[in-house]
Amino acid sequence: GVEGQPFRRAERELTLLHSFNKLLFSRGDHPKEDKKDDKQRFSSIMSDELIGLIDALRVSVCGSEPELHPDPDLVYDTLVFLWRKLKMFMQCHYLEAPESMHDQQKVDCYDTWLWCLSVLCEVALVCELASVDCIMTAEMICMLGRRLERAADCINQTQGSACGGYDDGKLSSFSLLKKSNTKLLKKVCEVTKKGLEALSKGVSALIPRDHSAITDTACMQKCMSLHPLNASSTPSEEQNGTDENIVKVEEEKESESENEVCQETESKSLFMLAKDFHLELNIIYHKASVKLLLLNEVTESDLLDRIKRNKVSKAHLMIQKASLEHSRGGANESSKIKNLLEEASILIEKAELEERKIYMATVKNLAQKKNKAGPGENSPPPPILISRTDHTFTFAPAVYDLEKQVSWYQLCGRAVQGVNWKVRLSDCSIPGTGNMVPVVSGECLLMVEGLQSNQKYVFAVAAYDSQGKLLGNAIGDTTLPVLACMPAPLLSTWAHLAQVAFQTEQYAIVKRACNKLWSHYTDPRCLSNSKHNRFASTGLHKETLQHSSPHLCQMFLTSIFTETEINIQQASLHWDSFSDSGPFIWEQEARLAECERMLLAMDLAIYLNDGGTALRAVVTCYRLLAPLIYHQITCFSVVQVCKMGYNYIYI
């Protein structure tokens with residue numbers, strides 16, 4: 001009795017369930033694992049039933065109008081199930097990108113897997129999965145972008161597409177590897193661009209409530225130690241209250257829900273993970289777009305139009321240009337690479353300066369808000385930036401000396417043009433500006449949407465009393481220009497610069513980038529016996545580590561080994577002999593200085609629970625000290641380092 005749209009939607013849902021059922025009950029007899037060849041092993045994993053389920057999902061979601069899509073929960077559960085399957089398959093060595101496109105069997109299997117992954121990404125984008133699980137969406141699209149970009153390189157090496165298609169013929173018309181490398185690179189740019197848009201929308205649900213979503217908080221921790229967000233208030237009568245008040249405050253703190261704290265910690269971790277994926281998608285996009293630039297498929301102006309005023313994004317473009325220049329070789333290669341990487345480092349430094357200004361302005365306003373010390377002005381001060389993404393900003397009004405009279409706030413703003421940053425009451429063209437937002441229990445949030453990515457904007461607030469009268473007779477002060485983007489990943493960009501500079505043998509730039517990371521993550525004032533520092537006399541900066549993702553900490557750890565390796569080569573600090581200058585005190589000091597770096601690497605590796613890297617640091621210490629031990633040179637510091645290495649192995 002079901003007709004029309006309900007019937008067609010139910011038909012698609014039943015098709016999905018039927019395909020799922022066939023897959024779950026397709027447990028036939030398979031040859032033993034050791035008797036399978038590569039094709040059999042792949043076919044047993046990527047069965048016809050699994051491919052049938054993926055195709056049914058594609059047809060039911062991507063091949064129909066939105067009102068005919070199956071139940072969202074059914075689509076989500078199917079996506080999660082299939083994504084887990086494909087991730088498991090990816091871990092098989094056979095599903096790595098084939099080294100040669102002439103190995104037709106491997107190419108066909110890899111193409112099948114790529115097609116399946118591309119379908120999942122397409123379904124996730126059509127269903128706006130990022131609004132439910134932006135991390136899974138970003139992870140899928142990152143993997144697809146990386147694999148397609150790698151496949152384009154393989155095709156480029158064989159001068160054309162090379163794929164015979166899947167044997168059963170079902171996927172022959174969908175083959176990705178039949179496309180040219182140019183089309184694959186364009187596909188990479190298209191997919192990653194959509195992924196960035198989806199992640200930017202979905203990440204709003206993960207934004208922490210502690211004002212850490214305005215900039216790279218890990219990069220600002222050294223500033224925070226000088227100007228903390230939770231600056232203590234000035235002495236007052238409230239601080240001299242009775243013991244009963246103190247006990248009451250302590251009881252309130254103790255009664256705080258552990259569940260809320262846990263949720264906040266999880267939100268911070270997921271937000272940091274989302275920022276990592278956002279950066280990786282940007283890197284993949286720039287890598288593919290630079291290759292298209294080389295093929296004259298895009299112009300330099302096209303790339304710069306997308307970047308606009310985002311200095312960090314432009315730095316990544318320069319880094320990818322340098323990497324591509326190195327892979328191409330040719331005349332004046334070294335000087336070109338050096339210029340590109342130096343330009344990238346200058347851009348990162350400028351971006352860091354801008355972000356610090358925004359951070360310091362926020363610190364000042366938040367400190368005033370905590371201390372309840374009004375600025376003593378008639379018009380409101382600039383609003384406080386609470387969070388930002390590629391297309392949205394969230395503000396809160398700063399402390400205002402007439403705030404007890406305020407019933408409504410109105411946010412005004414515009415794009416930055418020229419040198420005139422003044423915001424006027426008529427600047428209400430951006431969605432979210434011009435609205436009268438009521439103050440409820442002393443709180444008010446002001447949100448703007450529809451911003452142009454990588455464009456700079458300025459804002460100001462107007463305050464009104466209960467009669468609708470403009471307080472202060474004027475709009476408030478204007479904010480600093482704020483870039484419409486996710487919080488700039490400054491430390492990750494320094495780490496990426498160090499990585500590419502090392503690959504291109506620009507060692508001076510490597511050291512500059514590594515020193516930047518070292519200055520942020522180390523604290524000479526830390527005690528060596530603290531929780532995070534067991535071996536090195538130079539301690540790790542605890543706050544910076546807490547605001548860094550595990551991936552960023554791992555990149556810093558890699559940078560320590562990178563700089564030490566360069567120093568060993570440049571100073572000839574080899575394990576089997578002294579340098580030409582002989583065993584003088586300055587060489588002993590140089591070796592011990594590198595050992596100190598390795599001891600800090602051990603501390604960081606233990607913090608990250610990375611036993612293999614910690615052991616590598618121990619081995620590097622013994623490499624550096626081997627000539628001193630062999631020649632029996634008496635040195636207390638050498639004994640100390642050896643004891644620490646032994647202690648780690650014992651632990």
I566 side chain near E505 side chain, heavy-atom distance below 4.5 Å: no
Between S289 and C189, what is the shortest heavy-atom contact and its length? N-SG, 3.8 Å
Under 4.0 Å between a Lys/Arg side-chain N and an Asp/Glu carboxylate O for K201 and E128? no
Decide if atom CD of Q503 counts as having more than 12 heavy atoms of other residues, nucleotides or ligands within a radius under 6.0 Å. yes
Taking it one step at a time, do K321 and E325 satisfy salt bridge (charged side-chain N to carboxylate O under 4.0 Å, His left out)? CA-CA 6 Å; K321 279 186 174 182; E325 192 71 35; over 6 Å; no
Could you go step by step and tell me if Y521 and L552 meet the side-chain contact (heavy atoms from CB on, under 4.5 Å) rule? CA-CA 11 Å; Y521 280 98; L552 177 53; 3.2 Å; yes
Output every pair passing salt bridge (Lys or Arg N to Asp or Glu O under 4.0 Å) with a member in residues 301-315, not counting sequence neighbours, ordered by first then second residue. K311-E354
Pair T394, R388: side-chain N/O donor-acceptor within cut-off below 3.5 Å: no
I'd like to know if the side chain of S313 pairs up with that of N310 as donor and acceptor (distance under 3.5 Å, no hydrogens or angles considered). no
Can you see whether T215 engages E355 through a side-chain donor-acceptor pair at a distance of less than 3.5 angstrom? yes
Under 3.5 Å: donor-acceptor pair, side chain of T522, backbone of W518: yes
Can you give me the closest heavy-atom contact between L540 and L600, atom names plus distance? CD2-CD2, 3.8 Å
Tell me if the centroids of the rings in H496 and H316 come within less than 6.0 Å of each other. yes
Flag for H278-D390: side-chain donor and acceptor within less than 3.5 Å: yes
Is the shortest side-chain heavy-atom distance between V123 and C127 below 4.5 Å? yes
Have S559 and T562 got a donor and an acceptor in their side chains that come within less than 3.5 Å? no
For residues 122-145, pull every pair meeting ring pair (Phe, Tyr, Trp, His ring centres under 6.0 Å), keeping only residues two or more places apart or in separate chains. none
How about NZ on K357, more than 12 heavy atoms from neighbouring residues, nucleotides or ligands closer than 6.0 Å, or not? no
Between W421 and R414, is there a cation-pi geometry (under 6.0 Å to ring centre, at most 45° from the normal)? no
Apply side-chain contact (heavy atoms from CB on, under 4.5 Å) to L480 and V458, showing your working. CA-CA 6 Å; L480 291 170; V458 286; over 6 Å; no
Is there a donor in the side chain of S492 and an acceptor in the side chain of H551, or the other way round, less than 3.5 Å apart? no
For E149, give me all partners under side chain to side chain donor-acceptor pair (under 3.5 Å), at least two apart in sequence or on another chain. K291
Taking E197's backbone N and O only, do any of them form a donor-acceptor pair with S200's side chain (distance below 3.5 Å, no angle check)? no
